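As the structure is a prediction and not an experimental result, all values here were calculated from the model. Note that ligands are numbered from 1 as they come in the structure, with each ligand's atoms numbered from 1 the same way. Counting from 1, the numbers follow the sequence of the chain as shown.
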Amino acid sequence: MDLHGRSFLTLKDYTKEEIYYLLDLAKKLKAKKKAGKIGHSLEGMNIALLFEKTSTRTRCAFEVGVLDEGGHATFLTQSQMGKKESIEDTAKVLGRMFDGIEFRGFKQENVEALAKYSGVPVWNGLTDVDHPTQTLADFLTIQEHLDKPLNEIKFVFTGDIRNNVCYGLMYGACKVGMHFVCLGPKSLEMDPEVVAYCQEECKKSGGSLTITDDTDAVDGADVIYTDIWVSMGEDESLYKPRVELLSPFKVTEELMSKTHNDNTLFMHCLPSYHDFFQKLLASRIAGAMVSHLQKVHIFQHSQFQQFLFCFFPDITCQKTKKLLIFYFNHHAIFIYICARSTDRRSNYLQLQFTCIQAVSFLQGSHWNSGLFCCLFQFFPCSRGIFPLGQIQTSQFY
Ligand code: NVA
């Protein structure tokens, strides 16, 4: 199968065979990486990662994926696109410099315009109405964890059933013939065009689509999936009403037991407020993270030191108002905390990310130099005396 030059804007554009082909390719690439083999398929290529919305997993997955295959990724988060420059002009400029563009943003029309005018393949890393790369990753997880073909899977999405992740999963599910259940309040009206499209595709694939507010519909589910209740770009004032509206559809032990299936996989695309509004079961979240995210580590701020100590028992840490300083083997790593954002949670996430980078750096592996990452420096130092030299800073946001 030859998918060269094709954009990946939505799974609606892909056949069942093409979806299976991509899943098999992902398996091969994953096995190759596990075996420590470096890929060369993107050697000499430049890929732009254009982000209007925030991201942790998608951005990292793309960047690491590109680097693992020998390409170079440029992370672009504050472009002129849609501000001083039209999408068409941005697409043309990027298309001349880059061999491919990954886009995360608001409108689906924008990712389509990028594909139309850039002349290079464009991949959708989430829009307001779709998240096809997430769907592929989730299907791969299902294949890896459940001993059933995808067309025999009963998949229940519970919660905000008219969001991008749910629609993306629906497109993929109806193509491969899954039995998909949207479990949520009737007042959250799903897009009739999305529903009609999926129903038509189900007729061809042998799959099914059920939309219900009855939690008994989870009976026999192989997968229970949920997502955050207020998505990026939605107004924060929606938190309270959404919590009230969607609380009956949260994933609890009770809901899980209603599946009458001990092997039901709980999945979440993340991020999630599992310690906050949604109160998802911590153990389930932990389990889901291990199975779903494989090697992605999420740590609480208070656990950073423990995390580093696991890797480097000799490390010591000093914390000042703006600096975290780790001493290790006569070297010091400075992590400068320039907390511009008032959103403590997002600062913590950036800091977690930086610590993970610090560890990879100490281990001698590649570290990301994307613009959004906090820069840190690694200076020689002895007897705990701070080295001279300028500490590089960058912003957390
Ligand atoms: N529905 C969520 C998905 C995040 C990966 C959002 O758009 O914020």
Quiz item: What atoms of ligand 1 come closer than 4.0 angstrom to any heavy atom of S231?
Solution: 1 (N), 2 (C), 6 (C), 7 (O), 8 (O)
Quiz item: Which atoms of ligand 1 have any heavy atom of N163 under 4.0 Å away?
Solution: 1 (N)
Self-check item: Axial cation check for Y167 ring with R162, 6.0 Å and 45° limits
Solution: no
Exercise. Assess R57 against F62: is NZ or CZ under 6.0 Å from the centre of the six-membered ring, and within 45 degrees of the ring's axis?
Key: no
Quiz item: When the ring centroid of Y171 is compared with that of Y197, is the distance short of 6.0 Å?
Solution: yes
Exercise. Please write down residue, atom name and distance for the protein heavy atom closest to atom 8 (O) of ligand 1.
Key: M232 N, 2.8 Å
Quiz item: atom 7 (O) of ligand 1: which protein heavy atom is closest, and how many Å away?
Solution: N164 ND2, 2.8 Å
Practice problem: Anything under 30° is parallel, anything over 60° is perpendicular, the rest tilted; go ahead and classify F157 against F180. | Solution: parallel
Quiz item: Any idea which part of L270 is under 4.0 Å from ligand 1, heavy-atom wise: side chain, backbone, both or neither?
Solution: backbone
Quiz item: Any luck finding a side-chain donor-acceptor pair between N164 and H131 under 3.5 Å?
Solution: no
Quiz item: For ligand 1, is there an N or O atom under 3.5 Å from any N or O atom of C269?
Solution: no
Quiz item: If we only count N/O pairs under 3.5 Å, is H131 in contact with ligand 1?
Solution: no
Quiz item: Is it true that atom NZ of K148 has more than 12 heavy atoms of other residues, nucleotides or ligands lying nearer than 6.0 Å?
Solution: yes
